[in-house]
Every structure is written in C-alpha cells, then in structure tokens.
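Input: a single structure, listed below in structure tokens.
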There are 2 protein chains.
Amino acid sequence: MRVTSEDGRKPTIIDVAREASVSQGTASDALRGSDRVTEETRKRVKRAAENLGYRVNRVAQGLRTGQSGLIALMLPSAGGVEMLAHEYYVSALIGASRAAVAGDLGLVLLPEIDGDSTGAELADGVIVIDPPRRDPSVKRLRKEGTPVVTIGADPSLPGDPWAVIADNEENCRSVLDRLRASGARRIVLISSDEPWGWFLGNEAAYRSWANEVEMVTTVLSAGPGDRDGARAATADLLTGEDPPDALLALTVDSAIGALEAAQDEGIEVPEGLQIAGLVDGAPLRDGDPAITCFDLDPVAQAEAAVKLLMARIRGEEPSGPVVIDGRLIERESTRPVRDGG
Amino acid sequence: MRVTSEDGRKPTIIDVAREASVSQGTASDALRGSDRVTEETRKRVKRAAENLGYRVNRVAQGLRTGQSGLIALMLPSAGGVEMLAHEYYVSALIGASRAAVAGDLGLVLLPEIDGDSTGAELADGVIVIDPPRRDPSVKRLRKEGTPVVTIGADPSLPGDPWAVIADNEENCRSVLDRLRASGARRIVLISSDEPWGWFLGNEAAYRSWANEVEMVTTVLSAGPGDRDGARAATADLLTGEDPPDALLALTVDSAIGALEAAQDEGIEVPEGLQIAGLVDGAPLRDGDPAITCFDLDPVAQAEAAVKLLMARIRGEEPSGPVVIDGRLIERESTRPVRDGG
DNA sequence: TTGAAAGCGTTACCAT
DNA sequence: ATGGTAACGCTTTCAA
C-alpha cells in the first residue's frame, strides 16, 4: 500500500492521517465528528486536513456508503427541458433547489425522459413532476428500486403514498364557486387538447360542478403555450350566440389569450366578463387587469417533495400523500363578492 | 472475494461475469464495447447483463476513472437560485441542459455560492454564469483544480481563455447606433445601482459612444427587478426639462417600467419616444408595443460553455475565449430606419 | 483473446 | 480511544 503523498495529486485521507500521525480510520472518524476520537486528536486531524487543503472525495465516499448525496428532478418531457418556459416548473425547480441545499443534497436536472441518464443513475432518488400516464423510464426507475417521489399523482400507480399532490378537484371548484359568487352564470372552461391528467381532471371537476349548479358547460381547447389559439377561440365564443359571462383558463397563455380577445371585442373585464386562471404566472400578475387565479404554490410542492424523498431514502414508512393547499389570489379580473354571496 | 449473487442486491458486474462464464475484466470490456473481446463473447455478456437487469454503478465507475460524468452549473448568487426569475438564466439553463444531454453528461444545479456543495464536489467541472467580482467559492474551485468555464468574463481573471463571452461594448453600441439611425438625438440609459460588471460595462460603453457622437448622457438607476422604480424614475425624466427621445434599458423590468411610464404620460411609442432593451424576455415580446432589444442568445452561450468545459476536462488546450454574437431583434418600440441612415 | 489481481478513496468492522 | 484491514464495484495493467 503506497502511503506517500506526491505533490500534484489531491491529498487523500491517507495524507491527512500521516500528517496528523493517526490511522486512516481515525482520521475518517475525526473528520466526520465521531465521538470515538478524543477532542484533542480531532482538532489535530482537522488542522492537518486544513493544512493540506484536503477535501473528502465524495465519489469514494459514495461508493462506500452507497449514497451519492444527489437527488434528481425530472421535468415532464414535452420536448425536453423546455417546459421551463412555464413559470410553474421554474418555481418548482427553485423550491427543489432550496430544499436540496437545506438538506445538504445536490440537485441534478433530469431533462427529457431517456434511457440511461447520468443524472438518474448517480442520484439517490428522483422527484418526478407530473408523471406521464405511461412512461417507461419512470417505470424502470421504480423497478430498479430507485426511490421515487412524484409531484402530482402517477396515473399508473393510483394511491401511491410517495407523492405530493394538490386537490385539483377542490381547487377547481373553489375558483368556480368564487366566479359564481360574484355573479357568473355561464362559465366556459379553456382547456387543452393535450391528454395530460391535469387537463382531464380539471375538465371533469368543471363538468361535475356545473352539473350540480345546473350550469351549461362549454370546453374550449388551445395548446398549452398557444396564446393566439386561445385568443381566436375565445373571440369566436364571445361573438357567438349565448356568450359566457366568465372564463376559467387552465394555462397562463390561455388566460392571457382570453383577456386579449375580450379587449379586442371591447368587452370590459371584469364588468362584462370575468376571467380566472388555475395556475399563476407573471403575465397574470402584470396583466391589465391583473388576473385572478389559483396558485398551486409549486415552490412548496417541490420543497415537500424533497423532504418526502429524503424520508423515503432514509427508509422511513410512507405517511400517505402530502397535500399542498394552494390559495386563491384575488386580482382585478373578477368582480368583488357581494356580502350576501 | 465473495462471488455469490444474493437476490435482493442489485446485480454487479461480477454477477454478469459469472452468468456469462467470463472473468470480471472481460465482462467490463465486453459491456463497454472494447475490441479486446470476441464479438461472440460480447454478445453473450450483453445478454447476461440484460437478463440480470444489470446497470453499471456509476459511482464505482467514477471512483475508478476519476470522472463522475457530471457537470455543474453555478448561477449567480443574488439570494440564491432565485435568479431563475430572469428569463436569461432560464434560457441558459435550458441550453446547458440540452448540451449536457448531447454530451452524455448529467447537469447539477449549483445554487447559491456556498462552502461545500455536494454538486460541486461531485462534478467533473463547473460552469459559472456571470462570475462575481471577488467570489471566494469560484476562487476555491480554481485553486482545487476543478475545471471552470465562465459565461461572461471573470473580473478577477482577465483574459481567461476558458470563457464564453459576448462583446458587450459592441452590442451596446449597435443598439445605440440603431436608435440614432431612426432619429434619436437624446438617449437616456436605464441602468442599475448593482455593481455588477454587466451594468458597469454597458454604462461605460454608453458614455464612450455618446462622447463620440457628442450626445448628452444621462444614466438612470433602478433595481434589477424593480419595474415600478424604473417607471417612476422614467416618469420624472419624461416630465422634466430636456426629456429624452429614446431610452435604452439594461433589464427587462426597466424596459417595461419605462414603457409604462411613457404610456402614463400619454407619450406614443415609438413616435414620441423610442425604447430598446439589452436583453430579451417575454414581457418585451408580449408588450404593446413589443420592445426592440438585443438578444444575447443565452441558449447558445450555455451550449458553447458546455462544449468548452468538455474540452477543458479532456485536457485540451484553450483556444481563446468563445464569443457568441447576439442579434438585434427589431420590434415595434423603435421607428424604422430611413434609407439614408 | 482472456484471466487474475491491483488499485481508486472511503467507511466500518474487529482487534487492541 | 485508536490501529489495522476488509470491503464497496469498477477499470486497467500484467500475465498467460
């Protein structure tokens, strides 16, 4: 066993041990603050490490402990990482990053869902945002025993306790109730033709709610980022017969497109038409009028997901899915609620 | 040496070797497509690996080869990862992610600039965006021999060839020239009080350009994300004496704030006031009028940075800084240039 | 062409 | 309280 410390190489724990005149194992214990070593030797070892500029090799540490100290965040794969164009995912990324730092974990970004991504294979666990209905890569992660936590329920694993979810039905209803409370009697939903669970679930919630309150339903479709499509579709609707007095938009772009259409037609918002969204985003905040919406709090969702994943990695028992309550953000695109409801 | 394959454990290369009746080393060679092994044994080994569901342990691989297959992206630390609120950084992240995938590398996000981030220590190299003037962590990375590539020059390492840069002076001048070509005779710069190199460099370029063309200079300041501050400052300017006929805004928010101020004062854009920005962003594209700006092409910058970092990790010689040309995006907030210039 | 064995740097166990 | 040493899973050299 070579125990020389050629210069040029990075110092290893062996160098530190020799410098401090202790054994390799003791150096390891001392550096990690084990109570196996005397306070005095601990100090000596730390000083030696400092002198040598020693930093633990986390790869070697990982091999030995079986943990890399990395978690991965997998974004939905509608063409790769470009989903970051949506503020929701950026916020989730921010939340995950913050929580990872707090937990002394590194965060690797898992872009599109491919075969062998270096990130996934190195990570101790993976957070999957908006798991697709039948995605082979998530399935494989699970089969290989990688700890997985999802944000949003995994359609192929109903009732999975390792998930952070929102009560989408409840949230959707709360916004519908809010619109109705300020006078809406004909609410149209602007959804998408993408078969994502998010859209389908909200459409279902809308229909069941409308059924209960005996309201006619109409669902418009526009691509998730297709502002102009939403604008055109809304324009048709507003100029057609039986125009709505309120719009509920499932995406930021459809909300803005709807607002633009109303303004094109000279309809006052909220006086002539109320508009609300089901996710928040900068264009909604900055709009004129600013648009009322439900905020899913993606930062909190991601933070909760990291904590859940850490628990799962530690081998803890699941405590059921974590539900993050969002909140309704009142802005100018909806009329105030009269006291009598 | 234990060579049993208890079920429950993940299969190792030893299990594969035994399954294929070859030695450990041969299995390794076969799996990685070395030409040391017969085509026939290669197939057999691959099949064995397939059967067992074997995946290489990249931590062990990393320990042996000294490479983790990870690169880190360090975002500037104005309060952590929140810089992702700016589209520029999100775009850079997208570009880096794309290039990392293409190079079969994992991308870890290095949030704020702290002591021992798991991400940095595991990575084979680090990309630093907008290196701060005197940041201890970047300095330490360098001292420890971590390959570093910066996007934007590192003020503490002038002339570093391992950098992806934009010709900020030239870009700033091109926009100023453009404004002047369409009639601007008094251009005011909206900068920031943050002491970042980006702001300082552009202020200097503005002053030297104005000196050359004998134009009076005025520099306004507003915080990087302070739209209302920019709006108020611009309003003062527009209602004061000697109001400008053009505005050059260094941030997205200051450009929008300026536009709002103009509209508040009833000044037509671009007829009564031209406005241009020096970075692109959604609010500029979606504005009414949409705002002309210089696009730094952060996606291309990040892609170039990843390639440069890969070269540096491979031990190649530097080939001088990589300059990414952005481009001027003509939109509605500037008047057309008359043919005679 | 293949097998055997020596590390890579660390942690954890068994002695002392 | 500390030292010695065997793994961890892989790649790579040295023999055969």
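Note on naming: letters A, B, ... go to the chains in the order of the sequence lines (proteins, then strands), and numbering restarts at 1 for each one. When reading the values below, keep in mind they use all heavy atoms of this one structure, side chains included, and skip hydrogens, waters and symmetry mates. Computed from a predicted model, the values in this text were never measured in an experiment.
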(message) Judged by each residue's nearest nucleotide on DNA chain C, which is more toward the 5′ side, B:Arg64 or A:Thr12?
(response) B:Arg64
(request) Can you tell me the distance, in whole Å, between the CD1 atom of A:Ile14 and the C1' atom of C:dT11? (result) 13 Å
(message) It should be established whether B:Ser28 places a side-chain nitrogen or oxygen under 4.0 Å from OP1 or OP2 of nucleotide D:dT11.
(response) yes
(request) Round to a whole Å and report the spacing from CZ of B:Arg58 to P of D:dC8. (result) 22 Å
(request) Determine the contact category for B:Asp29: base if any of its heavy atoms lies under 4.0 Å from a base atom, sugar-phosphate if only primed atoms, P, OP1 or OP2 are that close, otherwise nothing. (result) base
(request) For B:Gln24 and D:dC8, give me the distance from atom CD to atom C1', rounded to whole Å. (result) 12 Å
(request) Let me know the distance between CD1 of B:Ile13 and P of C:dC8, rounded to the nearest Å. (result) 19 Å
(request) Would you classify A:Arg32 as touching base, sugar-phosphate or nothing, given that sugar-phosphate means primed atoms plus P, OP1 and OP2, and contacts are heavy atoms under 4.0 Å? (result) sugar-phosphate
(message) Distance check needed: D:dC10 P versus B:Leu31 CG, whole Å only.
(response) 9 Å
(request) Kindly point out which of D:dG4, D:dT11, D:dT5 is positioned nearest to the side chain of A:Ser23? (result) D:dG4
(request) Decide, yes or no, whether a salt bridge links A:Glu303 with A:Lys307 under the criterion of side-chain N to carboxylate O below 4.0 Å. (result) no
(request) Pick base, sugar-phosphate or nothing for B:Val59, based on heavy-atom distances below 4.0 Å to the nucleic acid. (result) nothing
(request) Determine whether more than 12 heavy atoms belonging to other residues, nucleotides or ligands lie under 6.0 Å from atom NZ of A:Lys46. (result) yes
(request) Report yes if a side-chain nitrogen or oxygen of B:Thr26 is closer than 4.0 Å to either non-bridging phosphate oxygen (OP1 or OP2) of C:dG3; otherwise report no. (result) yes
(request) Rounded off to whole Å, could you give me the CG-to-P distance for the A:Leu63 and D:dT11 pair? (result) 12 Å
(request) Please tell me which of the listed nucleotides, C:dG9, D:dT11, C:dT10, lies nearest to the side chain of B:Val56? (result) D:dT11
(message) Below 4.0 angstrom, which residues in residues 33-54 of chain A have at least one non-hydrogen atom near DNA chain D?
(response) A:Arg36, A:Val37, A:Thr38, A:Thr41
(request) Please determine if A:Arg314 and A:Asp124 form a salt bridge, counting it only when a charged side-chain N lies under 4.0 Å from a carboxylate O. (result) no
